[in-house]
Amino acid sequence: MNLITTIFFISTALSLLLIMISFWLPQVNPDAEKLSPYECGFDPLGSARLPFSLRFFLIAILFLLFDLEIALLLPLPWGNQLLSPSSTLFWASLILILLTLGLVYEWIQGGLEWAE
């Protein structure tokens, strides 16, 4: 067999083995708390006119912002192989500085505090 078919068979066998283990290994103990729907911090079966916590959205947006930072910085190892790695370092540093300044601003404004 050549290398490609060997890699294909090994990856297929490993995938099937992991799928079978994932069906046998977990111990599922469902209870009322695990089976209840949870969305945005309030009961979905209650009234739709309840006051809503804006702090939930602030934390969610901050999480998305810093998750985007990681997605933008993931190609850095390949960017170092370009003709001018200094420009890659400049743009990565600019992204990090902007996001750090945003984090400091949110911290100073008190947007990261849960309790007042």
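- Residues passing the side-chain contact (heavy atoms from CB on, under 4.5 Å) test with I21 are L17, L25, sequence neighbours excluded.
- In the hydrophobic clustering, where aliphatic and aromatic side chains (Ile, Leu, Val, Met, Phe, Trp, Tyr) are joined below 4.5 Å either directly or transitively, L101 groups with I97.
- Under the rule for a side chain to side chain donor-acceptor pair (under 3.5 Å), the partners of S87 that lie at least two apart in sequence or sit in another chain are S84.
- The hydrophobic cluster of I4 has no other members, since no ILVMFWY side-chain heavy atom comes under 4.5 Å of it.
- Grouping Ile, Leu, Val, Met, Phe, Trp and Tyr by side-chain contacts under 4.5 Å, direct or through others, puts I19 with F23.
- Residues forming a side chain to side chain donor-acceptor pair (under 3.5 Å) with S86 (at least two apart in sequence, or on another chain): none.
- Note: I7 CD1 to L14 CG = 13.0 Å, rounded to the nearest 0.5 Å.
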Would you be so kind as to tabulate the donor-acceptor pairs closer than 3.5 Å made by side chains of residues 88-96, with sequence neighbours excluded?
unit_1: T88; atom_1: OG1; unit_2: G79; atom_2: O; d: 3.1
unit_1: S93; atom_1: OG; unit_2: L89; atom_2: O; d: 2.7

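- We find the CD1-OG1 distance between I10 and T5 to be 9.5 Å, quoted to the nearest 0.5 Å.
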